[in-house]
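I have placed the structure first, in the form of structure tokens, so that the comments after it can refer back to it.
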Amino acid sequence: MEQQNDNFNIDIEIKRKKIRKRKKRWLRLRLFKIINVVSCAMVFLVIAVCMILMKRPEISEIENRTLAKWPEFSFKDYFSGKYTAGIENHYNDTVPGRENFKDMVASIRGCFGVKSDEAKIHGTIIKKDNKKPENKVIPSETDESTDNTQHTQESTEKPVTKEQPTEKKDNWDDPAVEGEISNNILVYKNRGIMLYGGSYENGETYADSVNAFKNDLGDDVNVYSMVCPTPVSYYLPEKYSDLSGSEKDNIKHINSFLSGVIPVDAYSALMNHKNEDIFTRTDHHWSQLGAYYAAEQFAKAADVPFAELSSYEKEKRSGYVGTLYGYSGDADLKNNPEDFVCYRPKNKYETEYFSTDLSEQWEGSLMMDLDRLDPVSWYLVFMGSDTQVAHIKTDVNNGRKLAVIKDSYGNALIPCLTGSFEEIYVIDMRYFEANAVSYLQECGITDLLFAMNTFSATGSNYECLETIRTQ
């Protein structure tokens, strides 16, 4: 009997020990969970506090753009939701340390082991409807150049310009297909290519605004339109041709609506030099070499002298990674930098700058010192910024005064024209705050060149032309 009691007591003690172990294990597990929750909460709290208190960036150097600003309050915008959407956009676009985060994400992607000549598709794929508008007179498809003649077209019917989204092709995720699409950027053999949307209707509005400038300035001023193509026209693989609109057709369509305005055929001028470095691989801008060939075409149309490329001082730097890396975060672009080349004119000239409202004036340099710029900002070598008005006085004595209304593509053109005009005025249509027609008349210009890429002429920037003409 005593033996049974002893065994019973031993069993109870064993069960108690097991219960105590289970309780300790449960307590440790619970404590671990509490520590995890508290740690995660602290991390998120620290991040939230940092996001609130840390200084938010105002510009992105790797994207070469001004980041979203805090919206101005109005009751109309508040009740429509536009104001709160603007606040959300501001916070999303100005995350502290955003450039470092982009680099980190690109580095992580680079560890996936996918080679640059394999397909990596990101973002929404939309096929472009490249049909020309009906009942419109468009230059022939077989004509490789845009006519340097004046055209006037009248029509009561608007073209159909909608882009119809379609489903992905079955072979787009086939590893045998080369290229990478990141949002609206295709990366192919270490070259970034922005896919062009295009709008015939917007192009017509652009032409109307340019024609209005011509009417306002009168017959004594020669007006030119140079809509500049981008890399998509020259380097887009055939297999991806249905993902981009036709810049060539859109430029021809614009030119067919010009009245009294002389079109400048930059498309063909660049096509003749396609195998040269006319565009950068990692940046959405053209190179200055491409701008030089376009400027040469303009000089022919304007009948002014033009300096040979050999008369410039060539400057070359290695290690350039431009804006397309900032837009796409693509590791292939980051890990394959290119050479940046600029050409400095040797003739004599002086440059002065004005604020966009013309209230301030200061002396400056037409081309900046590359040593003073970060490599990602080397394209800023041309005049340094878009948010200023430039005036260049040269040693040319031909009485010709040129004004250039442009986007950032126009910046690289200006040094190529210092040997062609006596004076050059440069206005960025996105930032000018005075009435452009009055200003050009006061400056006594003889020639006006509109120089911008297709994304501006047929995108949202074309609206700026009418703004600066009438404000």
Side-chain angles (χ1 to χ4, degrees), residues 62-64 102-103 105-128 130 168-197 228-248 267 270-291 293 316-341 375-376 378-379 409 412 453-455:
I62 65 175
E63 296 176 23
N64 192 27
K102 282 181 173 289
D103 285 341
V105 171
S107 298
I108 293 173
R109 288 177 178 172
C111 296
F112 290 163
V114 182
K115 297 180 180 179
S116 61
D117 59 350
E118 294 178 349
K120 296 182 294 178
I121 298 177
H122 308 278
T124 302
I125 307 303
I126 300 178
K127 289 181 65 177
K128 304 301 185 216
N130 289 324
K168 291 183 180 181
K169 292 182 179 180
D170 293 336
N171 67 335
W172 281 355
D173 56 356
D174 184 342
V177 180
E178 297 181 343
E180 176 189 354
I181 299 169
S182 180
N183 297 320
N184 67 331
I185 297 173
L186 183 145
V187 178
Y188 178 75
K189 294 184 177 180
N190 302 325
R191 176 185 289 278
I193 302 172
M194 296 190 73
L195 301 175
Y196 174 63
C228 310
T230 67
V232 71
S233 290
Y234 305 96
Y235 307 115
L236 182 67
E238 181 63 29
K239 62 174 69 72
Y240 296 116
S241 60
D242 59 351
L243 302 183
S244 179
S246 171
E247 290 186 311
K248 176 182 176 183
Y267 179 92
L270 293 174
M271 182 62 74
N272 293 334
H273 300 275
K274 177 182 177 180
N275 295 326
E276 301 177 41
D277 293 328
I278 55 175
F279 289 97
T280 54
R281 287 190 297 101
T282 65
D283 198 286
H284 72 283
H285 296 104
W286 54 9
S287 67
Q288 194 182 5
L289 182 62
Y293 291 128
K316 180 179 178 180
R317 298 293 176 90
S318 59
Y320 180 58
V321 177
T323 56
L324 290 181
Y325 163 64
Y327 294 147
S328 68
D330 184 81
D332 289 335
L333 297 181
K334 178 186 177 183
N335 297 330
N336 292 276
E338 60 186 314
D339 291 335
F340 182 87
V341 180
V376 70
W378 279 344
Y379 189 79
Y409 257 58
N453 66 40
T454 54
F455 287 77

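Since the model is a prediction, treat every value here as computed from it, not as a measurement.
Rounded to the nearest 0.5 angstrom, R191 CZ and I185 CD1 are separated by 13.5 Å. Distance check: T230 OG1 to L195 CG gives 9.5 Å after rounding to the nearest 0.5 Å. Interatomic distance, CG of N184 versus CG of L243, reported as 11.5 Å (0.5 Å rounding). Within the model, atoms OH of Y379 and CG of D283 stand 8.0 Å from one another, a figure rounded to the nearest 0.5 Å. Note that CD of E238 is 12.5 Å distant from OH of Y240, once rounded to the nearest 0.5 Å.
For Y234 and Y267, the ring centers sit closer than 6.0 Å to each other.
Residues S233 and L270 have side chains not in contact (no heavy-atom distance under 4.5 Å, counting atoms from C-beta outward). In this structure, H284 and F455 have side chains that are not in contact, with every pair of non-hydrogen atoms separated by 4.5 Å or more. Looking at heavy atoms from C-beta onward, K274 lies in side-chain contact with Y235 at the 4.5 angstrom threshold. Between M194 and L324, the closest side-chain pair of non-hydrogen atoms falls below 4.5 Å. Proximity of L289 to V341: side-chain heavy atoms (C-beta onward) are nowhere separated by under 4.5 Å.
Proximity of a side-chain donor or acceptor of E247 to a complementary backbone N or O of V232 within less than 3.5 Å is not detected.
The nearest pair of heavy atoms linking V376 to Y320 is O-CE1, 4.0 Å.
By the 30° and 60° cut-offs, the orientation of the rings of H285 relative to Y409 is tilted. The aromatic rings of F279 and W286 sit tilted, their planes meeting at an angle between 30° and 60°.
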